[in-house]
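Please read the structure below before turning to the comments.
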2 protein chains.
Amino acid sequence: MTTDSAAPRAQRADAQRNYQRILDIARIVVAEQGTEASLRDVARRAEVGLGTLYRHFPTRDALLEALMREGFERLAARAAALGESAPPLAALREWLADFAVGSARYRGLSGSILATLSDEESPLHAACLAMREGGARLLARAQASGDIRDDIDGTDLFALVTAVGWIADQAPAIARRQEHLLSVVLDGLAPRNAVA
Amino acid sequence: MTTDSAAPRAQRADAQRNYQRILDIARIVVAEQGTEASLRDVARRAEVGLGTLYRHFPTRDALLEALMREGFERLAARAAALGESAPPLAALREWLADFAVGSARYRGLSGSILATLSDEESPLHAACLAMREGGARLLARAQASGDIRDDIDGTDLFALVTAVGWIADQAPAIARRQEHLLSVVLDGLAPRNAVA
DNA sequence: ACCTGAACACCGTTCAAGT
DNA sequence: ACCTGAACACCGTTCAAGT
């Protein structure tokens, strides 16, 4: 057993180059057109055959996953760090602000990310997992300290923050209210005290 | 001046029939496929030429507007009624629950409705206006009575509630949490008391 | 006055043929 | 082992030709 069956086989040089070309161009095209960008356009501008794009990225979500992986990993790491360094509520708020920015980086990304929650086949699902768990831990911590109400879970929070990002996506006119709307939602997460 | 220039000219019988056929079928197809339904499919199943569909409904939003008009008018009327009959906060909450249901009636509708806020050309924009104003009045009333914080306006509220509807749209797994998420958001609208 | 469907310019996805 | 692009089955939108 000198070679692991899951060992990454060395790619041919042209394949490696094409993969990188596609990814670089995809970043540009998705920035321009959003997550529903024309894949044909990506292939054209990357100067590869359409089949080559599909060989490297069998689905649109596979391409998005490659585009977002770094960002997701960064958010997961940031959650862990904040969990050590900041008080529960502050840590959660700071992380959510970061997440809100990341999940709205491209037009349509909020939708792609939220839809992926229900679709376990999507490569985005797995890519988001560690980040989601990091956020969920910060939430649980803030709930344990009594800063956040107990009747919401990580998925609820994830969905709510993504939804606020989606608002700016759909209606540019409200985009400047995004931060404020997020803080309104977070205010709703305060513990319910029975003050009648 | 016996005839108003804006008077509705009598339509030819076949035109009238086609209009109705398209609308009836569109209701079915949009229920099946959502607001991004294939217009070709609508024309096919309504057994009219594709051009006939475009003649009656020049844009997708024009078709959606015809589909939703009644519902919007009902919501506008309901806002007025609740403004007379119920205490400020209860009226607002009840109306928002109604609105939440209506704005999520079809898959994709939340998006179509919110996008229309920024697009004044869309026929949906005008169709929503009276309803939005009705909601805004209920909001202002609840703010005047001190039940709702002052730093949000009708557009903010409209966007937030639509966004909660969108969540269920994207992730069926969370659909059953919709009511709860809406109540979390509404809790965030409570006045900010300086309780440190 | 209204209807029709072909025509145009796009998609996503697959796959036989090439190197 | 990988690349290519034609082929297929769809779109939305327009518009000349018909009745």
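Worth knowing before you read on, the calculation uses all heavy atoms, side chains too, and leaves out hydrogens, waters and symmetry mates. The sequence lines fix the lettering, A, B, ..., with proteins before strands; numbering per chain opens at 1.
- Contact check, B/R44 against D/dC11: a side-chain N or O comes under 4.0 Å of OP1 or OP2.
- Other residues, nucleotides and ligands contribute more than 12 heavy atoms inside 6.0 Å of the CD atom of A/E32.
- In this structure, the nucleotide among C/dT4, D/dG5, C/dC11 sitting nearest to the side chain of A/S38 is C/dC11.
- Put simply, A/T52 has no side-chain N or O that comes within less than 4.0 Å of OP1 or OP2 on D/dC2.
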Read 5' to 3' with Watson-Crick or G-U pairs under 3.5 Å, [ ] for crossing pairs and | for partners on another strand, DNA chain D gives ||.|||||...|||||.||
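- Taking only side-chain nitrogens and oxygens, A/H56 never comes nearer than 4.0 Å to OP1 or OP2 of D/dC2.
- Distances from the side chain of A/Y54 to the nucleotides C/dA7, C/dT13, C/dT4 place C/dT13 closest.
- Atom CD in B/Q11 sits about 13 Å away from atom C1' in C/dC3, given to the nearest Å.
- Look at CZ on A/F57: it is 15 Å from C1' on D/dC2, rounded to the nearest Å.
- The CZ-P distance, from B/R55 to C/dC2, rounds to 5 Å in whole Å.
- At the phosphate of C/dG12, OP1 or OP2 sits under 4.0 Å from a side-chain N or O atom of A/R60.
- Atom CG in A/D14 sits about 13 Å away from atom P in D/dA1, given to the nearest Å.
- For A/A15, whose side chain is taken as the heavy atoms from C-beta onward, the closest listed nucleotide among C/dA7, C/dC11, D/dC2 is D/dC2.
- Not one side-chain nitrogen or oxygen of A/N18 sits closer than 4.0 Å to the OP1 or OP2 atom of D/dC2.
- Distance A/R21 CZ to D/dC2 C1': 16 Å, rounded to the nearest Å.
- OP1 or OP2 of C/dA1 has not a single side-chain nitrogen or oxygen of B/R12 nearer than 4.0 Å.
- In this structure, CD of B/Q16 is placed 11 Å from P of C/dC3, rounded to the nearest angstrom.
- Crowding of B/R105 atom CZ: a count of heavy atoms from other residues, nucleotides or ligands under 6.0 Å not exceeding 12.
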